[in-house]
Amino acid sequence: MSAPRAPKGTYDLLPDEAARRDAIVATAARLFAAYGYRHMVTPEFEETGLFERGVGEATDIVRKEMYTFLDKGERSLTLRPEGTAPICRAYVEHGMHKLPQPLKVWYYCPMFRYEKPQAGRYREHYQIGAEAIGSADPAVDAEVIALLAAIFAELGVEGVTLNMNSMGDSTCRPAYVETLRGYLRGREGELCGDCLERVDINPLRTFDCKVESCRAVLDEAPRIVEHLCSECREHFDTVLALVERAGLEPHLDFRLVRGLDYYTRTTFEFISDRLGAQSGVGGGGRYDGLIAQIGGASTPGVGWGSGLERIALAMRDQPLPSVAPDAYVVSFSAEARAAAFDIAQQLRGAGLAAELDLAGRSPKGQLKQAGRSGARLAVLLGLDELGAGRVRVRTMDGGGEEDLAAAGLAALLAARLGKES
RNA sequence: GUGGGGGUAGCUCAGCUGGUAGAGCUCCGGGUUGUGGUCCCGGCGGUCGCGGGUUCGAAUCCCGUCCUUCACCCCA
């Protein structure tokens with residue numbers, strides 16, 4: 001019987017890493033607010049049918065990656081594998097079309113996919129994401145892209161490039177898919193086994209293939225951007241123009257065919273050269289058919305998701321946020337320990353961060369802890385001081401000490417540290 | 001799901017042509033019977049991922065398994 005470990009593909013965020021994570025999310029939250037996106041939370045699991053219908057039966061996510069289970073009431077539930085379908089479900093369920101449109105929201109939560117773990121890929125991973133629902137205006141596409149770019153810039157995510165494509169819509173895509181399928185059938189002899197299957201199931205996915213011969217075939221294949229209907233063409237051109245106005249350099253990528261069935265028109269992806277094979281650091285697109293697909297009124301939407309683990313990997317090293325207390329209370333005798341506890345409480349009550357020894361250390365050990373903790377002040381308590389109602393307050397980096405009354409100490413130190421409440 | 005690399009102290013690793021374990025850092029204590037960060041000394045700490053096999057003897061060789069890592073696939 002070996003000791004329990006975190007399940008395969010999951011990880012613990014220890015305090016230092018959690019502090020960095022919190023800082024990332026706080027920065028993102030600030031930018032979400034600047035762009036007018038409001039925080040929203042949905043359940044960790046949903047009815048399985050939501051993802052089957054929303055994400056698409058033919059996708060890898062639905063076919064082999066979902067954590068699906070029956071609860072005690074025989075309901076088929078699935079741990080959320082992606083963020084967009086749940087937001088759209090909530091939009092429909094709560095009649096959010098009655099709010100000013102587009103509805104602009106963001107989320108921060110774990111996603112669950114049964115995949116083989118590797119660098120930047122986990123079975124439980126966290127995403128921040130944004131969704132703007134209720135407007136087909138190309139300015140919305142550009143806004144969400146600019147928002148994600150701003151977050152990366154603010155965080156210092158390095159080596160980032162933006163790839164974009166258009167998937168067309170229900171008017172032009174079906175015809176294009178048939179054109180592509182016909183072309184591929186004409187060159188079947190040059191395709192790998194996977195691609196031969198894709199020709200039947202979803203010819204668009206052949207663009208993902210890394211096999212040399214397939215790539216050669218696809219390089220010469222008809223491209224969807226050249227087969228867009230006039231509405232999609234105009235939409236895409238406007239999005240590109242606005243994205244450029246935002247100071248970004250979109251690279252057209254005819255291979256960018258995202259693996260979720262709900263995408264229409266704009267798709268985009270930010271990749272970073274700091275990530276190895278799992279190079280995508282954030283991506284998304286427009287999903288004008290999704291809400292109707294899951295049973296709502298036909299409603300356009302656009303959004304993206306970005307993986308926190310990959311953001312952290314691609315960020316330049318950040319200094320750890322300081323966790324130094326304002327004061328460390330040191331007791332020089334067993335009798336002073338209770339008084340040290342009281343003083344720490346008094347300081348905390350005044351809004352100061354205060355620590356004291358909780359491990360029965362010697363006075364020297366406590367001072368050593370005080371030094372390591374980075375505390376600005378040490379409050380020293382001994383028998384002599386206790387009897388006189390005094391404490392000695394040492395400035396840690398200078399070493400100077402002064403004798404102060406224990407009563408009113410918290411207010412005095414708070415004022416001195418500029419932390420009056 | 002397929003294929004390559006790796007799993008030794010809390011962390012980073014050495015030891016691996018078989019003879020039952022080491023270093024640095026961390027942590028705790030001492031050097032000052034009441035005063036930190038440097039320095040010196042000492043100490044705590046490991047069923048060598050797990051299971052099986054070969055052998056007089058396995059951290060070391062073989063098999064299986066789990067985890068991890070890199071790539072494929074897919075995506076964040």
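Convention: sequence-line order gives letters A, B, ...; per-chain numbering from 1.
Qualifying salt bridge (charged side-chain N to carboxylate O under 4.0 Å, His left out) partners for E269(A), counting only residues two or more places apart in sequence or in other chains: R258(A). A search for salt bridge (charged side-chain N to carboxylate O under 4.0 Å, His left out) contacts involving D71(A) returns R75(A), not counting sequence neighbours. With sequence neighbours left out, R372(A) forms a salt bridge (charged side-chain N to carboxylate O under 4.0 Å, His left out) with no residue at all. Contacts of R337(A) classified as side chain to side chain contact (heavy atoms under 4.5 Å, CB included), with partners at least two apart in sequence or in another chain: S331(A), D357(A), Q366(A). By the salt bridge (charged side-chain N to carboxylate O under 4.0 Å, His left out) test, R113(A) is found to be paired with no residue, residues two or more places apart in sequence or in another chain being considered. With sequence neighbours excluded, the residues satisfying side chain to side chain contact (heavy atoms under 4.5 Å, CB included) with P363(A) are F332(A).
Nucleotides of RNA chain B nearest to R123(A) and P117(A) differ in position, and the one nearer the 5' end is that of P117(A).
Straight-line distance from the OH atom of Y122(A) to the C1' atom of C70(B): 13 Å, rounded to whole Å. Between R255(A) atom CZ and C74(B) atom C1' there is a gap of 16 Å when expressed in whole angstrom units. When the C1' atom of C73(B) is taken as reference, atom CZ of R215(A) falls 14 Å away, rounded to whole Å. The separation between E309(A) atom CD and U69(B) atom C1' is 16 Å, rounded to whole Å. One interatomic measurement links the two molecules: CD1 of I271(A) to C1' of C75(B), which rounds to 13 Å at whole-angstrom precision. The CG atom of L275(A) sits 16 Å away from the C1' atom of U69(B) (whole-angstrom rounding).
Rounded to the nearest Å, the gap between the C1' atom of C67(B) and that of G29(B) is 37 Å. The gap from the P atom of U20(B) to that of G36(B) amounts to 44 Å, rounded to the nearest Å. A21(B) sits 11 Å from A14(B) when the C1' atoms are compared, rounded to a whole Å. The P atoms of G10(B) and C73(B) are separated by 39 Å, rounded to the nearest whole Å. A gap of 25 Å separates the P atoms of C41(B) and G34(B), to the nearest Å. When the C1' atom is compared between G15(B) and G24(B), the two are found 15 Å apart, to the nearest whole Å. Using atom C1' as the reference point in both C16(B) and C48(B), the two lie 11 Å apart (nearest Å). Between the P atoms of G7(B) and C62(B), the separation comes to 13 Å (whole Å).
Within the 4.0 angstrom heavy-atom criterion, no nucleotide atom of any strand lies near G129(A). R63(A) comes within 4.0 angstrom of no nucleic acid atom, judged by non-hydrogen atoms across all strands. Using a 4.0 Å heavy-atom cutoff across all strands shown, Y126(A) reaches no nucleic acid atom at all. Within 4.0 Å (heavy atoms only), V281(A) reaches sugar-phosphate atoms of the nucleic acid but no base atom. Across all strands shown, S362(A) has heavy atoms under 4.0 Å from sugar-phosphate atoms exclusively, and none from any base.
Within residues 140-164 of chain A, no residue has any heavy atom under 4.0 Å from RNA chain B. The stretch residues 7-22 of chain A comes close to RNA chain B through K8(A), G9(A), each having a heavy atom under 4.0 Å from the strand.
Residue E131(A) is tested with Y37(A), Y287(A), Y91(A) for a side chain to side chain donor-acceptor pair (under 3.5 Å); the sole match is Y287(A).
With no hydrogens or angles considered, no side-chain donor-acceptor pair links E47(A) and S76(A) at under 3.5 Å. Between the side chains of D141(A) and H235(A), at least one donor N or O lies within less than 3.5 Å of an accepting N or O.
Geometrically, R123(A) does not engage F112(A) in a cation-pi contact defined by less than 6.0 Å to the ring centre and at most 45° from the axis.
The minimum heavy-atom distance between A344(A) and L356(A), with the atom names listed, is CB-CD2, 4.0 Å.
Pair assignment for G3(B) gives C70(B), based on Watson-Crick or G-U wobble hydrogen-bonding distances that are each under 3.5 Å. G42(B) is paired with C28(B) under the criterion used here, namely a Watson-Crick or G-U wobble arrangement in which both key atom distances are under 3.5 Å.
Between W106(A) and F32(A), a ring centre-to-centre spacing shorter than 6.0 Å is recorded.
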Check your understanding: How far apart are the C-alpha atoms of E226(A) and R223(A), what are their side-chain angles, what is the distance that settles it, and do they pass the salt bridge (charged side-chain N to carboxylate O under 4.0 Å, His left out) test?
Key -> CA-CA 6 Å; E226(A) 288 150 12; R223(A) 298 181 181 184; 5.2 Å; no
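E143(A) and K104(A) are joined by a salt bridge, as a carboxylate oxygen and a charged side-chain nitrogen come within less than 4.0 angstrom of each other.
Between Q118(A) and A71(B), a side-chain N or O to OP1/OP2 separation shorter than 4.0 Å is present. Taking only side-chain nitrogens and oxygens, R198(A) comes nearer than 4.0 Å to OP1 or OP2 of C74(B).
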**Study point:** Nucleic acid footprint by protein, nucleotides 33-38 of chain B - heavy-atom cut-off 4.0 Å, B for base, S for sugar-phosphate alone
**Key:** -BBBB-
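Taking only distance into account, the side chain of R310(A) meets the base of C75(B) through a donor-acceptor pair shorter than 3.5 Å.
Residue pairs meeting the side-chain hydrogen bond (donor to acceptor under 3.5 Å, both in side chains) criterion with at least one partner in residues 144-168 of chain A, sequence neighbours excluded, are R30(A)-E154(A), E158(A)-R274(A). Applying the side-chain hydrogen bond (donor to acceptor under 3.5 Å, both in side chains) rule to pairs touching residues 373-401 of chain A yields R390(A)-D403(A), R392(A)-E401(A), R394(A)-E401(A), sequence neighbours excluded.
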Distances under 3.5 Å between nitrogen or oxygen atoms of protein and nucleotides 1-10 of chain B:
{"from": "U2(B)", "atom 1": "O4", "to": "K116(A)", "atom 2": "NZ", "distance (Å)": "2.9"}

